[in-house]
Amino acid sequence: MEIIAGILVLLMIASAIAAASFQDLMNAVIASCIVSLLAALLFYLLQAPDVAMAEAAIGAALVTGIFVIAVKRTKRFEE
Amino acid sequence: MRKLISIILLGMVATGLFMSISQIPFGEPGERIGDHFINQGVNETGATNIVAAVVVSYRGFDTLGEVSVLFTAAMGLGAVIGLVRRKKTHTPIEPASLIVYTGCRFLFPVILLVGTYIVIHGHLTPGGGFQGGAVIASAFLLMYLGCRGKRIRENLSRGLESLGGLLFILLGVTGLVIGRDFLFSFLPEGEAGNLISAGIIPLIYMAVGLKVGSELTGIIDHLIEDTDELPE
Amino acid sequence: MNFLSEYTYYIGAFSLIIIGLYIILVKKNLMKVIIGFSIFDTGIYLFLIAVGYLREGTAPVFSKPGLDAGKMVDPVPQALVLTAIVIGVAVLALAVILAIKIYAHYGTLNLRKIKEQRW
Amino acid sequence: MKLEILLAVVFGGSLLTYLLGKISKRARDILAILVLLAATAGIASLYGRSSTAILCTGFLDFPLVLRIHPFAWIFALTIAVVGLCAVIFSWHYIRKKGRTDFFYFMMLLVISSMIGIVLSGDFLSFYIFWEIMSWSTFLLISYNREEAIAAGMKYIVMSVAGSLVMLVGMISLYTQTGTLVFEGITRNLNSASSGYLQFILILFFVAFGIKNAIWPLHVWLPPAHSEAPSPFSSVLSGILIKIGTFGFILLIYGIVQVQVFVNLGHALFNVRNLLLLLGAVTILLPTFIALLQDDAKRLLAWSTVAQAGYMILGIAYGTSESLSGGTLHFFNHALFKSLLFMVVGAVEFRTNGVRDLNSLGGLIKKMPVTFAAGLIGVCGLIGVPLTNGFVSKWLIYHTLIVNHSPFLAFVALLGTWGTILYSYKLIHHIFLGQLPRKYEQLNAAPVSMKVPMIFLSLAVVVFGVLPGLPLHVINLSEIGFGMEPLAINMWGVVTGSGTIQMLNIATALTLGGIVLWLFFRMGRKNTRADQLDNYAAGAPVPADRYQYSVKFYDPLTSMIAPYLKDTADNFYSALARGIRNVGNGIRRIYTGDVGNYVMYIILFLAILIFIQLYWKVW
């Protein structure tokens, strides 16, 4: 179990760094979506199914949707 | 230069955080306010999901405040959108492909059903008004993205939202009316584990679900509308 | 190494916080800054939940009979985070719409270029 | 009449007036007058009484106490009477303007709250009524909108500052003595140290001084008085600023006993000397600034500031004679200054808002009653014998001279000299000289304006001839303060070093007047010449060029004007500019870039962490 948690945390940090470094905002948004999704999994591992459910629905779906709409409306690439 | 300073400062903050979190034991039992909720929650509220009991019953008043924060944020969003009057140039909406379209139409009622289930069983299993509302809103997001052009009627979403808020407050005031405190659980607790149990917790979670769902849907609706009507 | 396995979740949470802060501090693009905020938020949620965790604990739901109340994780941080997440998305949407408006007005999302933003 | 009922009548009456105004304008005006008549009668029936009443026991765990004693009685009666005159005066005046319901409501509210202040027996109710008064005054000053808003702003900013300072003083008194009731404070304050008393006194002096417009705190007064509607100007100048005087008397004589006050502090550095010095400056500077004004109401406003200086001198001097002088001067000033504001208001009303002295003149032919009232008022202001100002100023001068304060006496006399100059300018520019063509069709003031003017003029003369009437009440209040009362009779005052008997003066003046009249009767008859009937080198000169009332004191003005910059006003402006500059400087770090803000937070956190790591503070 700890191994799984460690891998998930590593993946999460990696995708957060990816979100920070991508010049393409759409990619950054997808990376942050992955961060949220992995965070939801970690919540589940931490015995917090309620929060995991909320994080999955909101962090992974709604926030990403909002960001996608916003990026589509503005510039896609970071200057 | 800025990057360097930031990294140095963040390194410092990280050191401080490292020092302090090494003091916090992970996973050790300790003095917790939650113990009371865990031990007495089922007896006191009749809800088997202690998180739901905390959110709705023990911290019900806070939840009302948080719901109103949500409402305020949505209202601010509407105000910002209304701030700039734009020329209405309807750009033709590019339809999605047939597979996406059909998939979305198939998934939409299923997600909606799941969301409703999560809301209604909030006091029994993990889930509740906030999560279910978010799931419902994500169903609408799917509709907006997949089946472009379909829109929820604004009056409907606004009406549902108001209904949710009103229901919450009415349930709270009923406690006052019968001579007890605000948000007093005036219904019988019933047998823990049954669908119809736990006093007013399911009712309030339904109100919260209505409110959160319609609020988040409204936010997405606003965003989409703003995007669609702006000239490209 | 013992520390790492012991504090996996804390490390993850604080890494997210630091990365989010780094994005807010360094990046010039407004949308990127908002993404940074979202990551920062996630880190805080993770930390709060991790604080309430009990080793070998179960979720605070009496879904089946015979569950030990003493082995349940703390429900209070969960309840806090639950509402915080929902409020967070609403605030995030507000920030995003403001960014869109700023872009519509100034034609750029580069914070350093928007001189008039200085109030 | 019971005190609670009295307050209920005035406050309820003001609200009722507002509501009635929605139905009938005429009924509203009558009701307003009736309410104040009832209040006047009620207060008059309390003559000579000294009693307290509990209004409410548990307001914020403090008792609200009302009390009446001769000293509050004379203030309350003055407030009610002057308020009544001002409300009668408003009858025609305000009809031209909008929002009349609001005007009447606020007017009555101000008067009611002032009555509440003088009747209150503890600091909490004092403060509550004080705040009601301040805010409704602000609304009334700003009644005319436009420039009046700025004047009102200036007023309310200073007023709020004063209220806050007073609140600090109240809290400090409460922590020191454990009560807010005046009597309890007096009882418990005996053990207080001299330094603490000075601190308390200075705090309250700032609050009362702002309301009373002592020199460096007076900046709100001239714009507020000149921009407010005239009936309210007369209330403002006649009684409202005297609430500050009331506070001074209450504090010095009622709470900190006067013996304590006089002996406070070291030889030079004590609040009494400070107050006397400020009083002298308040007499000197504003008197001569008033001389430079061309706006009738602004001139009167500066005159009010100057006259307040006399009251401060009288009160701060701390003998029973000086207190009599100060209180009597308050009473007299309320009469003649509200009369003068009404005179100017009547002129303003008939000429459609002209207040510029240089464009008026010769109105004596058109408004004779107003002129007579103005003349009597001006005589009172100067202190001509047989008018009331004479007695009070005599008392103040006498105190200063007998107690060996030559400098203060000189300043007071110099102030009177300036008063004569600007009073003459006022009366001459409005009523004497040539009548401009455009005012030839002017009507006399309406009856509703004449009635209060005649009443107040009569009061000025009656109390000038019979100063014993108010002095008797003042004596009662001095006995209440535990002081030696003055030896008085109906016609004047008897002191060891000088006596004033209005009977003798009146007889002498009457005889002298008869002699003079006979003298002139026996001389040649004077003839009246037309304005244009003179030699103009053959060139016809238009009548309007013979306007002798322009640049009246030009030589004097050009001599003294450079020394009379309104330094206090400039100081406040400079202060405001400085604060704004500092604010702008601080704003530099708020760049509008979210990254920078977070940077500041992180920087702070990093410093904290650094300190902890390095020194292990926590």
Heavy-atom distance under 4.5 Å to chain C: side chain of [X], backbone, both or neither?
X	answer
B:Glu215	neither
B:Ala14	both
B:Ile7	side chain
B:Val51	both
B:Leu10	both

What option among [options] has the most heavy-atom pairs under 4.5 Å with chain B?
options	result
C:Val76, C:Val91, C:Leu82	C:Leu82
C:Val26, C:Val89, C:Asp74	C:Asp74
C:Pro75, C:Ala84, C:Pro77, C:Ala95	C:Pro75

Inset, instruction - Could you tell me whether the side chain of C:Leu25 reaches within less than 4.5 Å of the side chain of B:Lys3, counting heavy atoms only? - result: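 B:Lys3 vs C:Leu25: side chains apart.
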Inset, instruction - For C:Ser38 and C:Ile34, indicate whether the former's side chain and the latter's backbone hold a donor-acceptor pair under 3.5 Å. - result: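 Not a single qualifying donor-acceptor pair exists.
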Inset, instruction - Name the orientation class of the two ring planes belonging to C:Phe14 and C:Tyr10 (parallel below 30°, tilted from 30 to 60°, perpendicular beyond 60°). - result: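 C:Phe14 and C:Tyr10: perpendicular rings.
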Legend entry - Among C:Ile23, C:Ile18, C:Ile24, C:Ile17, the one residue meeting side chain to side chain contact (heavy atoms under 4.5 Å, CB included) with C:Ile39: C:Ile23
Inset, instruction - Please report the closest heavy-atom contact between B:Gly115 and B:Ile136, naming both atoms and the distance. - result: CA-CG1, 4.0 Å
